**Student:** 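Before I ask anything, let me first share the structure, which is written out below as structure tokens.
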Amino acid sequence: MSFRIKQLIVIAAILGFILFVSNREYYIDTDLNTIYEQITEDNDLGDMESFDANEIKKNFGFNINDYGEAFYYGHVSIMDCECLLVIKLYNEDNASYVIDAIKAKREQLKKLFQSYAPEQYELLTNSLLTNKGQYIIYAVSENPDAIEKSFIESITG
């Protein structure tokens with residue numbers, strides 16, 4: 001192989017690496033209060049109430065203190081499924097367990113609401129559940145895309 005071809009291969013590899021690194025998602029270590037403030041500044045949570053770790057365990061079946069820290073807002077009434085749950089994990093490896101627990105609860109609620117509360121069923125069907133690095137967000141809302149946008153802005157700086 002000629003020297004010129006070797007140079008081109010090295011340059012192509014360096015360019016490929018630069019593109020890979022620049023397109024990689026990067027999330028800053030953001031305090032949950034900052035995330036909450038960004039989301040509530042941009043979105044109206046209505047009359048949702050703040051819930052503690054006990055409610056997370058009751059509603060989703062896992063102890064948040066084992067996995068990270070969180071804030072959770074929702075409604076006391078079972079007839080209103082709107083909620084906002086943001087989790088900052090201690091260890092990203094636990095994300096799949098937490099997401100699976102949230103999905104199971106969402107499916108349970110969808111079955112419950114499917115036949116007699118079509119508005120709530122639609123909210124659950126269009127809900128947001130995503131993992132971004134050490135963060136998980138679950139939003140059941142009329143506008144989950146706006147909540148996701150605010151969330152992404154708060155963790156990307």
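Model, not experiment: these values are computed from the prediction.
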**Student:** Quick one: do N143 and I147 satisfy side-chain contact (heavy atoms from CB on, under 4.5 Å)? Show the steps, please.
**Tutor:** CA-CA 7 Å; N143 196 353; I147 292 174; over 6 Å; no
**Student:** Can you see which heavy atom on V140 is nearest to which on S127, and at what distance?
**Tutor:**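 Distance-wise, the nearest heavy atoms are CG2-CB, 3.8 Å.
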**Student:** Side-chain atoms of residues 61-70: list all donor-acceptor pairs with protein atoms under 3.5 Å, sequence neighbours left out, distances to 0.1 Å.
**Tutor:**
residue: N63; atom: OD1; partner: N65; partner atom: N; Å: 3.1

**Student:** Considering only residues two or more places apart or on different chains, which pairs with a residue in residues 33-52 satisfy ring pair (Phe, Tyr, Trp, His ring centres under 6.0 Å)?
**Tutor:**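 As it turns out, the ring pair (Phe, Tyr, Trp, His ring centres under 6.0 Å) pairs with a partner in residues 33-52, which skip direct neighbours, are Y36-F71, Y36-Y73, F51-Y72.
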**Student:** Under the rule for salt bridge (charged side-chain N to carboxylate O under 4.0 Å, His left out), what residues qualify as partners of K103, not counting sequence neighbours?
**Tutor:** none
**Student:** Between Y135 (side chain only) and T130 (backbone N and O only), is there a donor and an acceptor less than 3.5 Å apart?
**Tutor:**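 A pair under 3.5 Å: no.
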**Student:** Mark yes or no for whether N54, through its side chain, and K57, through its backbone, hold a donor-acceptor pair below 3.5 Å.
**Tutor:**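 A pair under 3.5 Å: no.
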**Student:** May I ask you to say whether K88 pairs ionically with D31, meaning some side-chain N is under 4.0 Å from a carboxylate O?
**Tutor:**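 D31 and K88: not salt-bridged.
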**Student:** Run the side-chain contact (heavy atoms from CB on, under 4.5 Å) check on F60 and Y138 step by step: do they pass?
**Tutor:** CA-CA 11 Å; F60 299 100; Y138 176 56; 4.0 Å; yes
**Student:** Between L84 and L129, is there a shared hydrophobic cluster once you connect ILVMFWY residues whose side-chain heavy atoms come closer than 4.5 Å?
**Tutor:**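 They do not share one cluster, since no chain of ILVMFWY contacts under 4.5 Å joins L84 to L129.
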**Student:** Check the pair N43, S150 against side-chain contact (heavy atoms from CB on, under 4.5 Å), reporting the backbone distance first and the verdict last.
**Tutor:** CA-CA 8 Å; N43 302 278; S150 300; 3.0 Å; yes
**Student:** Heavy-atom count check: over 12 atoms from other residues, nucleotides or ligands less than 6.0 Å from K149 NZ?
**Tutor:** no
**Student:** Please walk me through it: do V86 and I136 pass side-chain contact (heavy atoms from CB on, under 4.5 Å)?
**Tutor:** CA-CA 6 Å; V86 177; I136 295 172; over 6 Å; no
**Student:** Give, for atom CD of Q114 and atom CD of E122, the distance between the pair rounded to the nearest 0.5 Å.
**Tutor:**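 That separation rounds to 12.5 Å.
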**Student:** Could you check whether any side-chain heavy atom of I152 comes within less than 4.5 Å of a side-chain heavy atom of E148, counting everything from C-beta outward?
**Tutor:** yes
**Student:** Take N33 and E37, measure what side-chain hydrogen bond (donor to acceptor under 3.5 Å, both in side chains) needs, and give me the verdict at the end.
**Tutor:** CA-CA 6 Å; N33 289 330; E37 289 169 6; over 6 Å; no
**Student:** Testing the basics here: between A139 and P144, what is the closest heavy-atom pair and its distance to 0.1 Å?
**Tutor:**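 Taking every non-hydrogen atom into account, O-CB, 4.2 Å.
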**Student:** Is the closest side-chain heavy-atom distance between M79 and Y116 below 4.5 Å?
**Tutor:** yes
**Student:** Roughly how far, to the nearest 0.5 Å, is NZ of K105 from NZ of K58?
**Tutor:**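 Separation between the atoms: 9.0 Å.
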**Student:** Tell me whether Q120 contacts the main-chain N or O of C81 through its side chain, where contact means a donor paired with an acceptor under 3.5 Å.
**Tutor:** yes
**Student:** Say you draw a straight line from CD of E119 to CD of E82; how long is it, rounded to the nearest 0.5 Å?
**Tutor:** 11.5 Å
**Student:** So Q134 and N91, do their side chains get closer than 4.5 Å, heavy atoms only?
**Tutor:** no
**Student:** Roughly how far, to the nearest 0.5 Å, is CD1 of I102 from CG of N59?
**Tutor:** 11.0 Å
**Student:** What are the two closest non-hydrogen atoms of I78 and F113, and how far apart are they?
**Tutor:** O-CZ, 3.1 Å
**Student:** Would you give the length of the straight line joining atom CD of E49 to atom NE2 of H75, rounded to the nearest 0.5 angstrom?
**Tutor:**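 The CD atom of E49 sits 8.5 Å away from the NE2 atom of H75.
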